[in-house]
**Q** 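Please read through the structure below; I'll follow up with questions.
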Amino acid sequence: GDSVTQTEGLVTLTEGLPVMLNCTYQTIYSNPFLFWYVQHLNESPRLLLKSFTDNKRTEHQGFHATLHKSSSSFHLQKSSAQLSDSALYYCALSPQGGRALIFGTGTTVSVSP
Amino acid sequence: EAAVTQSPRSKVAVTGGKVTLSCHQTNNHDYMYWYRQDTGHGLRLIHYSYVADSTEKGDIPDGYKASRPSQENFSLILELASLSQTAVYFCASRDNYAEQFFGPGTRLTVL
């Protein structure tokens with residue numbers, strides 16, 4: 001079945017260093033939609049990035065990701081982490097833009113001074 | 001401004017009692033969802049609906065019912081609340097590009 005894998009449960013880093021969160025997915029459909037949602041403490045998840053175009057970089061608020069269908073990946077990156085980036089990040093899959101989102105288990109990012 | 005709202009924002013219930021969580025959206029979206037969030041499990045889909053008066057089971061529907069009386073409203077019902085249903089519950093609606101918009105969440109504690 002369809003699934004999303006986020007390998008890191010917790011990422012801790014120092015302000016100013018680069019961030020990379022891994023996301024891989026499985027689906028039988030050839031045109032999946034991929035998303036990154038961010039959830040700050042005591043808030044609800046909100047969309048950070050989305051893509052359904054192969055090999056096209058998408059950017060928002062300093063973060064970027066590229067959907068690679070050849071490797072079924074949609075990794076999230078930022079060149080320089082800020083304290084305000086401390087949050088829970090979910091990668092999510094919508095197979096063929098259909099029924100519902102399938103979420104990964106999430107990666108907690110903790111940025112320290 | 002279009003939004004998804006939930007009520008109550010927090011709830012303490014007794015084991016075996018009935019709990020109803022309500023969700024209202026002004027996004028004019030057809031799809032609505034109920035998720036629960038638990039540490040270590042991420043967001044898991046309980047029920048969803050794509051039209052009024054119809055609901056579908058998600059990945060973890062056991063112990064939950066749902067009701068969609070109108071496009072704007074979607075309720076989650078726990079007929080016999082149990083300790084294991086202590087969690088944060090999120091409602092969401094979805095646009096035509098599969099982006100979901102989440103409500104503020106309801107923190108449910110079952111004692």
Side-chain angles (χ1 to χ4, degrees), chain A residues 1-10 21-25 27 29 31-53 56 58 60 65 67 74 87-110, chain B residues 1-7 9-10 21 23-25 27 29-51 54-61 66 68 74 87-108:
Chain A
D2 304 311
S3 66
V4 174
T5 301
Q6 294 181 250
T7 53
E8 307 98 355
L10 173 65
L21 307 184
N22 291 311
C23 174
T24 56
Y25 64 91
T27 181
Y29 296 100
N31 294 305
F33 291 18
L34 273 294
F35 303 81
W36 276 101
Y37 281 80
V38 58
Q39 183 179 16
H40 288 94
L41 190 62
N42 296 323
E43 296 182 3
S44 57
R46 63 173 176 83
L47 182 68
L48 181 60
L49 291 171
K50 64 181 177 183
S51 180
F52 49 85
T53 305
K56 181 179 178 181
T58 182
H60 186 60
L67 175 59
F74 190 57
L88 176 58
Y89 292 80
Y90 287 109
C91 183
L93 163 71
S94 179
Q96 209 85 336
R99 183 199 79 161
L101 288 179
I102 298 158
F103 287 87
T105 51
T107 299
T108 298
V109 173
S110 177
Chain B
E1 182 176 326
V4 179
T5 56
Q6 295 180 231
S7 62
R9 294 295 311 278
S10 67
L21 307 183
C23 179
H24 179 80
Q25 59 111 350
N27 292 326
H29 292 161
D30 290 326
Y31 278 87
M32 295 186 74
Y33 305 87
W34 277 106
Y35 295 91
R36 66 176 280 173
Q37 183 176 45
D38 304 274
T39 302
H41 289 280
L43 289 162
R44 293 183 290 174
L45 181 65
I46 306 170
H47 285 287
Y48 67 101
S49 169
Y50 55 85
V51 68
S54 177
T55 64
E56 304 291 333
K57 294 181 179 179
D59 300 320
I60 54 163
R68 183 91 180 271
F74 191 34
V88 178
Y89 292 84
F90 286 101
C91 176
S93 70
R94 192 200 90 161
D95 70 9
N96 291 334
Y97 296 95
E99 178 181 347
Q100 294 196 8
F101 299 82
F102 288 83
T106 295
R107 185 172 298 275
L108 175 65

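Per chain, numbering begins at 1; letters A, B, ... match sequence-line order.
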**Q** Between B/Q37, B/R107, B/E56, B/R44, which has the largest tally of heavy atom pairs under 4.5 Å with chain A?
**A**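 Option with the top pair count is B/Q37.
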
**Q** How about B/F90 and B/Y33: do any of their side-chain heavy atoms sit closer than 4.5 Å?
**A**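 Answer no - side chains too far apart.
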
**Q** Answer with side chain, backbone, both or neither: which region of B/L43 has an atom nearer than 4.5 Å to a non-hydrogen atom of chain A?
**A**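 When you check distances to chain A, atoms from both the backbone and side chain of B/L43 fall under 4.5 Å.
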
**Q** Tell me, for A/L88 versus chain B, whether the close heavy atoms (under 4.5 Å) come from the side chain, the backbone, both or neither.
**A**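 For A/L88, the side chain is the part near chain B, not the backbone.
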
**Q** Could I get the full list of side-chain contact (heavy atoms from CB on, under 4.5 Å) partners for B/T5, not counting sequence neighbours?
**A**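 With sequence neighbours excluded, B/T5 shows a side-chain contact (heavy atoms from CB on, under 4.5 Å) to B/H24, given in chain and number order.
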
**Q** With chain B as the partner, which of A/K50, A/Q39, A/E43, A/Q6 has the greatest number of non-hydrogen pairs under 4.5 Å?
**A** A/Q39

**Q** Do B/C91 and B/F102 have side chains that approach each other closer than 4.5 Å (heavy atoms only, starting at C-beta)?
**A**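 When only atoms from C-beta onward are counted, B/F102 and B/C91 do not touch, as no gap falls below 4.5 Å.
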
**Q** Checking A/E8 against A/N22 for the side chain to side chain contact (heavy atoms under 4.5 Å, CB included) test, could you report, in this order, the C-alpha distance in whole Å, the side-chain angles of both residues, the deciding distance, and whether it holds?
**A** CA-CA 7 Å; A/E8 307 98 355; A/N22 291 311; 2.5 Å; yes

**Q** A/Y25: which residues meet the side-chain contact (heavy atoms from CB on, under 4.5 Å) condition with it, sequence neighbours left out?
**A** A/V4, A/T27, A/P32, A/L34, A/L67, A/K69, A/S72, A/L93

**Q** Can you tell which part of B/Y50 gets under 4.5 Å to a heavy atom of chain A, answering side chain, backbone, both or neither?
**A** neither

